[in-house]
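Count residues from 1 along the sequence.
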Amino acid sequence: MSSSSAPGVDASSSTPVAKRSVGDLARAAVSGWLGTALEFMDFQLYSLAAALVFSQIFFAGGDAAMAVVLAMATYGVGYVARPVGAFFFARIGDKIGRKQVLFYTILLMGAATTLIGVLPTYEQVGILAPILLVILRLAQGFGAGAEISGAGVMLAEYAPDNRRGVVASLVALGTNCGTLFASGIWAILLAVMMESDVIAWGWRIPFIGSAIIMLFALWVRFNLKESPVFEERTDVVDGKALSRAELQKVATETNDIRTLESLQKKPLKAVLVSFFLRFGQAGNSGIVQTYLISFITITLAISKEVGPEIVIVSSLIGFVTIPVVGFLGDRFGRRRMYIVMSALSLLLIVPTLLLINSREVGAIFVGYALIHNISVLGLASMENISIPEIFGARNRYTLTAVVREIAAIIATGIGPVVAAAWVAAATGSIVPIMVLMGVFTASALVAAIVAPEWTGRDLTDPRAAM
């Protein structure tokens with residue numbers, strides 16, 4: 001499907017963009033993949049640690065169920081800083097370009113994760129231990145707030161119009177790789193070490209080891225060229241965006257209709273649609289990738305090795321799910337694929353969670369893999385290209401990052417805590433998890449239904465898609 005025939009394309013207003021070689025595209029793809037992999041590895045390392053050992057290391061001395069709730073709450077703290085970091089870094093990215101910002105976000109995020117690995121425990125320093133953990137989670141979230149959004153924007157602005165879904169799906173593959181790597185490390189630790197050794201010192205290994213990936217990602221980004229769409233924006237002069245007043249003056253003098261319209265019309269519908277698309281995926285992600293592991297391990301009393309193992313298996317399946325969904329989005333339109341995937345997710349919530357609740361290990365693997373790939377990874381594949389594609393060129397990074405992170409702090413940050421508290425109050429029932437996932441999935445479905453198609457539109461257009 002050519003860009004001129006893609007749903008939502010306004011070929012008549014298309015603007016030529018700076019040329020990039022296949023090698024440049026490959027570097028951008030590797031950069032986005034690595035950064036997102038590191039972000040999700042960092043967060044998955046923490047979420048698994050929170051589910052498996054942190055309640056004993058940083059929140060010892062109290063009720064076991066309450067320690068789990070506190071561990072999940074500390075996981076959610078990382079999301080508090082994400083909208084602030086998203087706004088801070090993304091505004092800079094819209095003003096001076098994406099490359100520099102993406103270098104600093106990965107540095108901050110990676111450094112915070114590494115330092116978690118050298119923290120003292122509650123037994124060693126008391127209340128100072130969880131305080132330091134919260135500080136590092138805030139720093140980690142501040143950098144991560146603009147990371148995945150920046151990677152998605154960069155790849156969207158690099159990719160050929162009719163292959164954006166496939167190329168940008170590499171960002172979602174990065175999330176999958178990070179999840180897989182973190183889960184693999186935890187599975188190995190739990191398999192080869194005694195549980196007492198993991199709790200005593202083994203949990204530190206993955207956090208400290210993450211520094212290796214951070215250094216490699218920094219090297220790749222240092223050699224990355226700027227986004228071609230950013231360089232060809234009409235409001236960018238000598239590598240820096242004009243102020244609103246300057247742009248208004250230039251657009252009026254040149255009768256630039258697209259720019260004048262973008263300055264006059266607020267993208268409210270684009271913001272709301274993007275918010276609920278993100279809200280649905282992020283909420284499911286928080287429940288499935290964070291809380292369900294704790295539910296399986298603690299509430300269902302399944303062996304601790306099972307949690308990381310099922311995430312590994314499901315993530316491996318995701319290496320097929322993610323690019324296939326990206327390709328189908330290019331072929332049939334992302335709005336249509338959102339509707340199909342969200343409707344399928346709604347249908348699968350009850351049967352897959354009943355499989356998990358059966359306490360049969362084989363059924364748990366099947367149930368988890370189905371709901372993870374449809375409700376989390378499939379939606380993530382489309383989300384990473386859809387939100388940048390919906391917004392206009394001038395504020396694309398800022399709006400993408402802020403909308404994504406505000407939705408995430410509400411859905412992913414709070415979801416696991418609500419689930420933990422609700423399940424505890426319901427004496428271990430899985431029904432609260434079903435209800436929460438139903439709400440999250442329905443929000444994405446409704447947003448897709450009310451939106452016009454946005455696939456393949458001209459990314460140099462300063463106007464939003466709706």
Pairs in or reaching into residues 389-398: which pass salt bridge (charged side-chain N to carboxylate O under 4.0 Å, His left out), with residues at least two apart or in two chains? E157-R396, R164-E389, D235-R394, R334-E389
For R335, check salt bridge (Lys or Arg N to Asp or Glu O under 4.0 Å) against everything at least two apart and list the hits. none
By ring-ring contact (aromatic ring centres under 6.0 Å, His included), which residues pair with F230, not counting sequence neighbours? none
Residue pairs passing the salt bridge (charged side-chain N to carboxylate O under 4.0 Å, His left out) test with at least one member in residues 397-410, sequence neighbours excluded, are R82-E405, E383-R404
Identify the heavy atoms of F279 and I410 that sit nearest to each other, and give their distance. CE1-CG2, 3.6 Å
With sequence neighbours excluded, residues passing salt bridge (Lys or Arg N to Asp or Glu O under 4.0 Å) with K265: none
For E261, enumerate each residue passing the salt bridge (Lys or Arg N to Asp or Glu O under 4.0 Å) test, keeping only those at least two apart in sequence or located in another chain. R463
Report the residues that fulfil side chain to side chain donor-acceptor pair (under 3.5 Å) with D256, sequence neighbours left out, ordered by chain and then residue number. T259
How would you list, by chain and number, every residue that makes a side chain to side chain donor-acceptor pair (under 3.5 Å) with Q281, sequence neighbours excluded? R278
Holding to side chain to side chain donor-acceptor pair (under 3.5 Å), I want the full list of residues that pass it with S169, two or more places apart in sequence or in another chain. none
Taking only residues two or more places apart in sequence or in another chain, which ones pass salt bridge (Lys or Arg N to Asp or Glu O under 4.0 Å) with R27? D24
Do T113 and Q140 get their side chains close enough for a donor-acceptor pair, meaning under 3.5 Å? yes
Contacts of S31 meeting side chain to side chain donor-acceptor pair (under 3.5 Å) (sequence neighbours excluded), chain-then-number -> R221
Residue list, ring-ring contact (aromatic ring centres under 6.0 Å, His included) with F89, at least two apart or on another chain: F142
